[in-house]
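Working notes for the structure below.
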Amino acid sequence: DDCGPISEKLIADRFATRGVNISTEAAEVRKDEMCRRSRTATVGGQDYYCEWHTKFERHKDRIHIHPPAGGDPRVIVGVFHRHLRLPGDP
């Protein structure tokens with residue numbers, strides 16, 4: 001049963017109840033094609049842009065996820081990385 005899109009606030013609030021501070025990427029990161037590619041994971045032949053992320057420290061140890069969508073309750077953990085590229089990175 002699909003109740004429509006889930007708001008960013010609801011996603012952040014649900015993770016917060018588990019002690020996880022999570023957020024989406026900044027607009028300039030979303031617009032940069034190289035940045036988008038580094039945050040995209042392919043699962044079962046389907047590409048997922050994993051713009052939601054949490055971190056253990058300010059500039060390292062990031063976990064990028066794709067939140068539940070389309071009635072599927074699973075979270076897709078797409079990328080574990082120190083820090084992915086940002087706009088303007090070489």
Side-chain angles (χ1 to χ4, degrees):
D1 158 43
D2 187 5
C3 298
I6 299 171
S7 72
E8 289 184 2
K9 181 180 182 334
L10 179 60
I11 293 168
D13 288 350
R14 286 185 178 173
F15 275 94
T17 65
R18 304 288 193 265
V20 177
N21 182 10
I22 193 165
S23 61
T24 59
E25 293 291 0
E28 56 271 8
V29 173
R30 280 186 233 136
K31 292 177 187 175
D32 186 285
E33 184 60 32
M34 293 291 286
C35 292
R36 285 187 70 86
R37 273 191 262 149
S38 69
R39 289 158 176 80
T40 299
T42 303
V43 178
Q46 176 73 37
D47 288 341
Y48 295 92
Y49 175 48
C50 301
E51 74 167 318
W52 284 90
H53 64 281
T54 187
K55 50 200 164 209
F56 294 106
E57 294 185 32
R58 182 164 164 75
H59 290 294
K60 63 180 187 176
D61 298 332
R62 303 223 170 188
I63 300 171
H64 288 260
I65 67 151
H66 187 277
D72 187 343
R74 296 176 294 180
V75 170
I76 295 169
V77 178
V79 183
F80 284 94
H81 202 272
R82 190 180 69 162
H83 199 291
L84 296 173
R85 74 176 287 121
L86 295 171
D89 283 354

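Residues take their numbers from the sequence shown, with the count starting at 1. Only heavy atoms go into these numbers, but all of them, side chains included; no hydrogens, no water, no symmetry mates.
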### Task
Please list all pairs passing the salt bridge (Lys or Arg N to Asp or Glu O under 4.0 Å) test where one or both residues lie in residues 16-30, with sequence neighbours left out.
Glu25-Arg39, Arg30-Glu51
### Message
If I take atom CZ from residue Phe15 and atom CD1 from residue Ile22, how far apart are they, to the nearest 0.5 angstrom?
### Response
4.0 Å
### Task
Considering non-hydrogen atoms only, spot the tightest contact between Ala41 and Gly78 and give its length.
CB-CA, 3.7 Å
## Note on the structure
For Ile63 and Val77, the nearest pair of non-hydrogen atoms, with its separation, is CG2-CG1, 3.9 Å
### Query
How many angstroms lie between CD in Glu33 and OG1 in Thr40, if you round to the nearest 0.5 Å?
8.0 Å
### Nearest heavy-atom neighbours spanning Pro67 and Trp52
CD-CD1, 3.5 Å
### Message
As an exercise, state the distance from OG1 of Thr24 to NE2 of His64, rounded to the nearest 0.5 Å.
### Response
11.5 Å
### Task
List the atom of Val20, the atom of Thr54, and the distance in Å for their closest heavy-atom pair.
CG1-OG1, 3.7 Å
### Summary
Smallest heavy-atom separation, Val29 atom then Cys35 atom, equals O-CB, 3.5 Å
### Task
Compare every heavy atom of His66 with every heavy atom of Cys50, then report the nearest pair and how far apart it is.
SG-N, 3.9 Å
